[in-house]
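Chain A is the first sequence line, chain B the second, and so forth, proteins listed ahead of strands; every chain is numbered from 1. None of these values were measured; they are calculated from a predicted model.
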Protein chains: 2
Amino acid sequence: MTIAPEATERLMTPGEVAAMFRVDPKTVTRWAAAGRIGSIRTPGGHRRFRESEVRTLLDGLTSEAHA
Amino acid sequence: MTIAPEATERLMTPGEVAAMFRVDPKTVTRWAAAGRIGSIRTPGGHRRFRESEVRTLLDGLTSEAHA
DNA sequence: ACTCAATTGGGTAATTAGGGTG
DNA sequence: CATGTCCTAATTACCCAATTGA
């Protein structure tokens, strides 16, 4: 059985996001607590992050050498 | 909400719910066992979840980034 | 009656949350 | 002010074999 891809956003765990930014998972948690990044909590209290938002944030923080 | 098309409540499998929260299907089972989410049992013992309840739950646990 | 994917159950590692500190 | 590390408690992930669903 399959799920509609449009209806399902891809989510990431704190560890995955932390690895992406090269920071400690705790730091990602702080970002979420500070409202700098949207988060989805599991009923158990763990956080999940939207992959699209993480990528967007990563893009926004990316400073390129001037062309 | 405007109209209820049918009294038919769409049911979701543990795997579908798990994909929505980015967790293991077994974790969804624990939520049901802990009463954190309502569940319907098939005569064979398998669990099914109300699509509307899952969506409401997911929505309530979602927080957007501000600024 | 058969196949095949998914779910169930129990048990054990790995990850995460939260507070306090450097 | 932001990040990293230490701690404990809680939640979640992966292992197995057997049953259920379509």
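Taking for each of Arg22(A) and Thr42(A) the nucleotide of DNA chain D with the nearest heavy atom, the 5'-most of the two is the partner of Arg22(A). The residue among Gly45(B) and Pro25(A) whose nearest nucleotide of DNA chain D lies closer to the 5′ end is Pro25(A).
Judged by distance alone with a 3.5 Å cut-off, no donor-acceptor contact links the side chain of Arg48(B) to the base of dG21(D). For Arg41(A) against dA17(C), a side-chain-to-base donor-acceptor contact under 3.5 Å is absent.
Rounding to whole angstrom units, CG of residue Leu11(B) and P of dT7(C) are separated by 13 Å. Rounded to whole Å, atom P of dA5(C) lies 17 Å from atom CD of Glu16(B). A straight line from CG of Leu61(B) to P of dT12(D) spans 11 Å, rounded to a whole angstrom. As rounded to whole Å, 11 Å separates atom P of dT5(D) from atom CZ of Arg30(A). The distance between atom CZ of Phe21(B) and atom C1' of dT12(D), rounded to the nearest whole Å, is 14 Å. The NZ-P distance, from Lys26(B) to dA14(C), rounds to 18 Å in whole Å.
Side-chain N/O atoms of Thr27(B) include none lying less than 4.0 angstrom from OP1 or OP2 on dT11(D). Contact annotation: Thr29(B) side-chain N/O to dT8(C) OP1/OP2 distance is under 4.0 Å. Of the side-chain N and O atoms in Trp31(B), none sit less than 4.0 angstrom from OP1 or OP2 of dT11(D). The shortest distance between the side-chain N/O atoms of Thr13(A) and the OP1/OP2 oxygens of dT15(C) is not below 4.0 Å. Between Arg47(A) and dT11(D), a side-chain N or O to OP1/OP2 separation shorter than 4.0 Å is absent.
In this structure, CZ in Phe21(A) is found 6.0 Å from CD1 in Ile37(A), a value given to the nearest 0.5 Å. With rounding to the nearest 0.5 Å, the separation of OG1 in Thr56(B) from CZ in Arg50(B) is 12.0 Å. To the nearest 0.5 Å, the span separating CG on Leu58(B) from CG on Leu11(A) amounts to 7.5 Å.
For His46(B), taking side-chain heavy atoms from C-beta onward, the closest of the listed nucleotides dT20(D), dT11(D), dG9(C) is dT20(D). Nearest to the side chain of Asp24(A), among dA17(C), dG4(D), dC14(D), sits dG4(D).
Around CZ of Arg22(A), the count of heavy atoms belonging to other residues, nucleotides or ligands within 6.0 Å does not exceed 12.
Look at Glu16(A) and Arg48(A) and you find no salt bridge, because none of the NZ, NE, NH1 or NH2 atoms lies under 4.0 Å from a carboxylate O.
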